[in-house]
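Report on the structure given below.
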Amino acid sequence: MTELKLQNSLSGKKEIFTPLNPENIRIYACGPTVYNYAHIGNARMAVIFDVLANILRSTYPKVTYVSNITDIDDKIIKAAKDTKQPINKITKKYTKIYNDDMAAIGVSPPDIQPLATDNIPQMIEIINELINKGHAYVNKGHVLFNVPSFPEYGKLSGRSRDEQIAGARIEIASYKKDPADFILWKPSNNNEPAWDSPWGKGRPGWHIECSAMAERYLGLPFDIHGGGADLKFPHHENEIAQSCCAHGNKNDLSSFSRYWVHNGFVTVNGDKMSKSIGNVTLVHDLIKNHEGETLRFTLLSAHYRQPLDWSENSIKQSKQTLDKIYRNMLEISDIEIDVCMPPPKEFMNALCDDINTPKAISLLIALSKEAAKEKTTKHKSEFFAAAKILNIAQQEPNIWLGHCVCDDSINACYIDSLLQERQHARENKNYARSDEIRDKLLTMGITIEDTPNGTIWKKI
RNA sequence: GGCGCGGUGGCAGAGUGGUUAUGCAGCGGAUUGCAAAUCCGUGUACACCGGUUCGACUCCGGUCCGUGCCUCCA
């Protein structure tokens, strides 16, 4: 068994992963706020933690991966107002789109996908504990976490309280005792979603949602907490503050999650995705023009902590590389596969070294090449086992490569008759005619390839 | 302003104190009637300046450039 090493944001070091309970590895990753289509950045996080879950599953008997849906939030309320639609219609719509889009890029659903709105009592309970322990206070219908009550605040992001305040560009709300304090519960206006609470009708702050859901579905402490790098501060910092303080563990930051894993950003043609630049790249749009697997491969082609620049060129390169892998698979279509074969050690070593997917991919290519050459069950099975961890190259190669695959725009019988005629011409060494037929097919959008087993065609 | 990250060949992108991945593209060859595909071979790189070292792309310091967070954000 290869030792898994992960860069732990809490210590800033690459550490050997030691499970709390080897019988059940527990992971939490902050999921999307469902008020809009998922973009490629959301997808990166989903793919990375999907792969991490697969790595863990290959080593441990059980993995519980929880990733939530934030279905109550000011942005959702705003979207409802702007579109004049009921909130639950919006959240249901975008939850489904998110899950469909993630499925399209090969992401398995998390084991548990809790809704924030199903966990309001759990949030209220934590808030109550925080008030009881002197870490939170009520002011004008708001409940706030008092940051000075938690001296360890800022450890995850490496930021002192004073530094944040110095850099704060927002006006300090009047109901805050300390400028760094953050909202646990806020009052709702009329027409806004509201739940009864000891502090009046209102709704939870964003950060408390994840604290409550992680605790309820995983128990404390759990093994790994993940999310995008930008969530480190303030979201994850606040989760730590809430969860550690509510349970009287304010001196033990690992009493919430033991390891913190943060993925880097996706940029688009070198720029950060933002609405103002207008370059927010949606998975929903990408899958109209690209295979989901190509998108997944592209997301895995850079190390998860590195920035990944998204461009048509990188997608194109991924597609070409996948084509190559599938062509190698085509060579071994007839070989039996042993599903019990584990992935090669070297491949797992790469993935276990802080999820080094680029290295793993280079090894996967080598494995596919070797399997195509050796043509043994062992080689093929090893390749498939490795590919399965990344959830890459699981399709029928002929289908992926588009060989002789029809759609409405293609008349397969006509193509076959042309190919037969071409074959005839070739046998009679009438190459002028055979080339003429190939050109004709090309104008129809069909390319051909002569193989030892006959001529195959595909749509361009 | 505070905190952080990064600068690798035409492109993408790992990694390492000394033999310098991998893919795509290029070039040469094999194969093919020609293509395509495949196979073999091959060139090009570690921002800059110092330091440590027998030896640094890899460690240390500085410079320049890019970029992220500090406000909702994956």
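Chain identifiers are assigned alphabetically (A, B, ...) following the order of the sequence lines, protein sequences preceding nucleic acid strands; residue numbering begins at 1 within each chain. It should be emphasised that the depicted structure is a prediction, and the values quoted were computed from it without experimental measurement.
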Grab the [atom1]-[atom2] distance between [X] and [N] for me, whole Å please.
X	N	atom1	atom2	value
N349(A)	rU22(B)	CG	P	18 Å
L156(A)	rC3(B)	CG	P	17 Å
I183(A)	rU71(B)	CD1	P	15 Å
K78(A)	rC72(B)	NZ	P	15 Å

With a 3.5 angstrom cut-off on both distances, give the Watson-Crick or G-U wobble partner of [N], or none if there isn't one.
N	answer
rC34(B)	none
rA45(B)	none
rG6(B)	rC65(B)
rU52(B)	none
rU58(B)	none
rU20(B)	none
rG1(B)	rC70(B)

Which value, in whole Å, describes the distance between the [atom1] atoms of nucleotides [N] and [M]?
N	M	atom1	answer
rG13(B)	rG6(B)	P	15 Å
rG10(B)	rG43(B)	P	15 Å
rA47(B)	rG7(B)	C1'	6 Å
rA56(B)	rA45(B)	C1'	15 Å
rU58(B)	rC39(B)	P	35 Å
rC57(B)	rA21(B)	C1'	14 Å
rA12(B)	rG4(B)	P	28 Å
rU42(B)	rC54(B)	P	34 Å

Proximity of [X] and [Y] rings by center, below 6.0 Å:
X	Y	answer
Y94(A)	Y35(A)	no
Y98(A)	Y37(A)	no
W185(A)	H142(A)	no
H262(A)	H236(A)	yes

At 4.0 Å (heavy atoms only), tell me whether [X] reaches a base, stays on the sugar-phosphate, or touches nothing.
X	answer
G228(A)	sugar-phosphate
H303(A)	sugar-phosphate
L363(A)	nothing
D74(A)	nothing
Q317(A)	base
S434(A)	base

Does [N] have its OP1 or OP2 closer than 4.0 Å to a side-chain nitrogen or oxygen of [X]?
X	N	value
N356(A)	rG15(B)	yes
K359(A)	rG15(B)	no
R438(A)	rC34(B)	no

Distance-only polar pair, side chains of D309(A) and T267(A), donor-acceptor under 3.5 Å: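 Yes.
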
Side-chain donor-acceptor contact under 3.5 Å, E239(A) with H207(A):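 No, no side-chain donor-acceptor contact under 3.5 Å.
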
Salt bridge present between E15(A) and K5(A) (N-O < 4.0 angstrom):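 No.
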
SB check D74(A) K186(A) (cutoff 4.0 Å):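 K186(A) and D74(A): salt-bridged.
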
Nucleotide nearest [X] when distance is taken to its side chain, options [options]:
X	options	answer
M273(A)	rA74(B), rG23(B), rC34(B)	rA74(B)
Q306(A)	rC69(B), rA14(B), rC11(B)	rA14(B)
K75(A)	rA14(B), rA74(B), rC72(B)	rC72(B)
T321(A)	rC39(B), rA74(B), rC24(B)	rC24(B)
F233(A)	rU22(B), rC69(B), rG13(B)	rC69(B)
Q320(A)	rA25(B), rA14(B), rA74(B)	rA25(B)
R327(A)	rA37(B), rC69(B), rC11(B)	rA37(B)
D435(A)	rA37(B), rA74(B), rG33(B)	rG33(B)
K369(A)	rA37(B), rG23(B), rC11(B)	rG23(B)

First encountered from the 5' end of RNA chain B, between E331(A) and A229(A):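 Upstream on the strand: E331(A).
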
First encountered from the 5' end of RNA chain B, between D309(A) and K272(A):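 Upstream on the strand: D309(A).
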
Side chain of [X], base of [N]: donor and acceptor closer than 3.5 Å?
X	N	value
D450(A)	rC34(B)	yes
D230(A)	rG68(B)	no
R305(A)	rC5(B)	no

Which atom of I392(A) lies closest to which atom of E293(A), heavy atoms considered: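 For I392(A) versus E293(A), the nearest heavy atoms are C-OE2, 3.8 Å.
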
